[in-house]
Amino acid sequence: MAVENPEAVQTHVGTTPSSSHDGQDPEKTRAAAAGQYGDRIPREMLETLAPNGEADFILSKINTMSEGEALAVVAESLEFHSDDWNFPSDMRRRMEKLLLGPKSYGDLWGRDLRVDATMMRWSSPYPGVRAVASPLDDVSVPTETIRAYFLGISWAVVGTFMSTFFNSRFPGISLSNSVIQILLFPCGRFCQTVLPDWGFAAFGARHSLNPGPWTFKEQMFATITFNIAIYTTNSYGMILVQRSPVYYGLDFVDFGYQLMLTLFVQLMGMGLAGYLRRFSVYPVKALWPTLMPIIAMNRALTKPEPRESINGWTMSRYRFFLVTAASMFFYYWLPGFLFTALSQFNWMTWMAPRNLSLAVLTGSNMGLGLFNPVTTFDWNVATSSYAALAAPFFSTCTMYVGSVLGGFVILAIFYTNMYNTGYLPINSSSAFANDGKPYVVQKIVVGNKLDLDRYQSYSPPFYSAGYVLTVGANFAFYPVYFLYIMVNQWKTIGKAYVDFYKGLRYGKGNYEDAMDVHNREMAKYSEVPDWWFLVIFVGAIVVSIVWAHIYPVGVPVWLVFLIIGVNLVFAVPLSLLSATTGTNLGLGSLIQIITGFLLPNNPNAFLFGQTLGSWALAGYGDNYVQDQKMAHYCKIAPRAVFRSQIGTIVITCFVAVATQNFILNNVEGLCTPDQPSRFTCANDGAPLYANSLMWGLMGSDRVFNSVYPLFKWCFLMGTVIALVFLAGQGWGPRYLPGVRDKIRGKISPRRFDTLDRTVFRFVASLMWLNPVLIIQGIQHWAPSNLAYKTPGFILSYVFMYWLPRHRLAWWSKYNYVLSAALTAGLAISALVMFFAVGYHPVSLKWWGNTVSTAGMDGKQVGWLPIPERGYFGPEKGQFP
């Protein structure tokens, strides 16, 4: 049964039955009911229904919709969205009451019935989608122009360099969409001003260097073209671990090796995107909340706005962006360079800097960040864990609850010295030896294979308490998400499977039988045939097979097809989860178990499996399919998007590999904990290296049976969790009220009140909690902690919960622009800062830049001292 989301944002202002009169005389209201219903919609309410200048269109649909048609649309919509956890709860309740008739609803029954039906049929029920996606389209607007290609590809080259360059930094920095948008716009306007109207005719149309004013569609097309740039780092983790002398230091990883690997990983993800289109692009429930700031910013840049006052604000979105981005550009020099304690604001540890327990509980570096309500004044840190101004609040809140729960589990693991974690830092993503120091793999390998004699004389690899929880939660996640998503969202998934089959068998179009206006508008454009994606997919497989034969990686060909099969099974629910919650998850942990069992003592095969197996996130979950959905909202031809993606992939792969080589050859101290510019590889190279030791060298059988036997039970735990939630949400609403009433009559009022406040409240919470998000919150620890999550949770409460309920018009106009502007200002500031004071490090030593790491929170130590013999754990020669 579907879980109604109680945190969904309010859809309309002043449209609930309890406030249905809007201050009008009831007699006049009933008299007007036979006329123009649109005349009875207040201006502020109309702003939320048509925020992008389509007010006349929406009003015409409201005024011309018959009562019978409206009732049919509302009834159909309630059934269709019964399993939609993003559907606004207040709109659901209102629609249910509308179906009871005017006597149950009130005087504005006719108006509100048509308003809700119009939202369902001619707009969107989601306020975030309405805020950025217009239901109107003009096919004559220039989109796939020469200048749009030139600017999109040019900035893709720059963006690829930036995203690859900062990939090893923690927290990472990238030249994101928001930055490129603000840079694209003046470039487009410059081209509009200086380029001549020279062109040629081809394929039945004229293609000019300057077809006129720079349009919103050109801006979005160039943005999508650039967007590929931030995904060409997918294979960098594998290359980093293989090439870096801090890790394996393999000398055969040359330019050709890197280029082939990067190219076929990207093209396989692109090919598989064709399979996922029907699951996470065309369904209206696949709203992709993280896209909203991108589209909002482009609208602010390119669309003229009427001057209006919204909650006292008259500033245009474009001016608001410029002021906010400029302010952040200058402000970020404080937490980024001048006063870095503002970034890692572990102020509670300053009171007793030598107190290890205080550092463990409240610290931002080696600690867990618990009990600290103010952990940072750095926007990059505050939004590093959650898309705080984009993802639904219920998603962020549920993940945060899971993270808090995970923190206390980590404490229990750490202070009970479970798996010798008490000798190590509590929350690190690195692998450690039994002397508490970082693990050096060169001491146990010969010819890239595990040497058992060297291994027995050195040490097994050990995980920190935080990483033990992270890995265990990763394993529990798969049965939870697969069972829960497939059962809870089977109506949507099943229909997509049927449509996919009909498309291959009978050529059924992607937009046939579409309820929402965006699909109907996109039906004007030619679709991309499935065989186009299939050709790319097969070609990428061929390149991967050639690569495996040319280089001594020890990767059997069958591993490629095995990983493809795993992705085909798990891709759909994972992609749908990303599309509905804005969360990003991958299949890396599942793949590492498979490769560890089938190919033990083969770290290269492990690394390859991790790189290829991460398609579920990197190959489509957060890029190609998402970009296609962005084009869907903006009414850009699918074939134009396909052409831009393919061309940009090929170009940026060369740029990515060249940048990788530059980083590996020129950044001093790369992947070491004290690297001055934070190029510590804590979020990419370190965890991948740690896992390659445990699963690639030692193998899954040894890990599950000897080193960490708890891990194998995590799959069963995940299955039980999924079944409990499914049973509770399926049977709870049916049986819980009756059980509660029976218990009330059998026990004293005092005891019942206690049960009502504890047990019944907990069981009731299962009616709407999403266990997938809870597990994801538990997953996201080492190297992250609550210092990176608490500020995002607070921001999400303010901007995704409170504001939509109390300042919906302001939120619709400015929220996504604010997110994009702050990110843009920070990224440009960080870029300037790196090349000004970071590339050749400029030291600024004073209390404000040293206090955060001066105490125990800056030390990588455990609470137990290393034994006198010099190491902990089993005796040498008796390692598992």
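Count residues from 1 along the sequence. Keep in mind that what you see is a predicted model, and the values were worked out from it rather than measured.
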**Request:** Evaluate side-chain contact (heavy atoms from CB on, under 4.5 Å) for F711 paired with V468, printing each intermediate quantity in order.
**Result:** CA-CA 9 Å; F711 287 163; V468 167; 4.1 Å; yes
**Asked** When you look at W695 and F597, which way does the ring-ring contact (aromatic ring centres under 6.0 Å, His included) test go after all the steps?
**Response** CA-CA 8 Å; W695 306 92; F597 268 121; 8.2 Å; no
**Sequence-distant partners of T396, side chain to side chain contact (heavy atoms under 4.5 Å, CB included), two or more places apart** = Y386, A391, S796
**Message:** Y275 vs F537, test: ring-ring contact (aromatic ring centres under 6.0 Å, His included). Steps then yes/no.
**Reply:** CA-CA 10 Å; Y275 164 64; F537 191 62; 9.3 Å; no
**Item:** M238 and L261: CA distance, side-chain angles, deciding distance, side-chain contact (heavy atoms from CB on, under 4.5 Å) verdict
**Value:** CA-CA 10 Å; M238 175 179 175; L261 176 66; 3.7 Å; yes
**Prompt:** Which pair of non-hydrogen atoms, one from A473 and one from I778, has the smallest distance, and what is that distance?
**Reply:** CB-CG2, 3.7 Å
**Prompt:** Shortest non-hydrogen contact from T719 to P479?
**Reply:** OG1-CB, 3.4 Å
**Prompt:** Is the F432 to Y423 ring centre distance short of 6.0 Å?
**Reply:** no
**Prompt:** So, the side chain of S403 versus the backbone of G777: is there a donor-acceptor pair under 3.5 Å, distance only?
**Reply:** yes
**Message:** Is it the case that the side chain of Q592 and the backbone of F606 share a donor-acceptor pair, with hydrogens and angles ignored and the cut-off at 3.5 Å?
**Reply:** no
**Message:** For K876, is the NZ atom crowded, meaning more than 12 foreign heavy atoms sit under 6.0 Å from it?
**Reply:** yes
**Request:** Not counting sequence neighbours, which residues clear ring pair (Phe, Tyr, Trp, His ring centres under 6.0 Å) with Y463? List them please.
**Result:** Y467, Y708
**Message:** With heavy-atom distances below 4.5 Å as the criterion, would you say the side chains of K789 and F793 are in contact?
**Reply:** no
**Non-neighbouring partners of K443 that pass side chain to side chain contact (heavy atoms under 4.5 Å, CB included), sequence neighbours left out** = V440, Y458
**Message:** When you measure from the side chain of N427 to the backbone of S464, do you find a donor-acceptor pair of N or O atoms at a distance under 3.5 Å?
**Reply:** no
**Asked** Have T262 and S235 got a donor and an acceptor in their side chains that come within less than 3.5 Å?
**Response** yes
**Message:** Is it true that Y248 and S692 share a donor-acceptor pair across their side chains at a distance under 3.5 Å?
**Reply:** yes
**Prompt:** What is the minimum heavy-atom distance between Y247 and V441, and which atoms define it?
**Reply:** O-CG1, 3.6 Å
**Prompt:** What pair of heavy atoms forms the shortest contact from A465 to I413, and how long is it?
**Reply:** CB-CG2, 3.8 Å
**Prompt:** Could you go step by step and tell me if T595 and F608 meet the side-chain contact (heavy atoms from CB on, under 4.5 Å) rule?
**Reply:** CA-CA 9 Å; T595 54; F608 175 76; over 6 Å; no
**Asked** Do we see a donor-acceptor contact under 3.5 Å between the side chains of Q660 and R243?
**Response** no
**Asked** Heavy-atom distance under 4.5 Å between the side chains of V566 and L590, does that happen here?
**Response** yes
**Asked** Any donor-acceptor pair under 3.5 Å linking the side chain of D451 with the backbone of V445?
**Response** no
**Prompt:** For W781, what residues pass the ring pair (Phe, Tyr, Trp, His ring centres under 6.0 Å) criterion, not counting sequence neighbours?
**Reply:** none
**Request:** Identify the heavy atoms of L368 and I410 that sit nearest to each other, and give their distance.
**Result:** CD2-CG2, 4.0 Å
**Request:** Not counting sequence neighbours, which residues clear side chain to side chain contact (heavy atoms under 4.5 Å, CB included) with A787? List them please.
**Result:** S364, T375, N785
Return a table of donor-acceptor pairs under 3.5 angstrom between the side chains of residues 544-553 and protein atoms on other chains or two or more places apart.
| unit_1 | atom_1 | unit_2 | atom_2 | d |
| --- | --- | --- | --- | --- |
| S544 | OG | I541 | O | 2.6 |
| Y551 | OH | D254 | OD1 | 3.3 |
| Y551 | OH | Y257 | N | 3.0 |

**Asked** Between D701 and N705, is any side-chain donor less than 3.5 angstrom from a side-chain acceptor?
**Response** yes
**Request:** For the pair L670 and L664, evaluate side-chain contact (heavy atoms from CB on, under 4.5 Å) and give the outcome as yes or no after the intermediate values.
**Result:** CA-CA 7 Å; L670 181 67; L664 289 163; 3.9 Å; yes
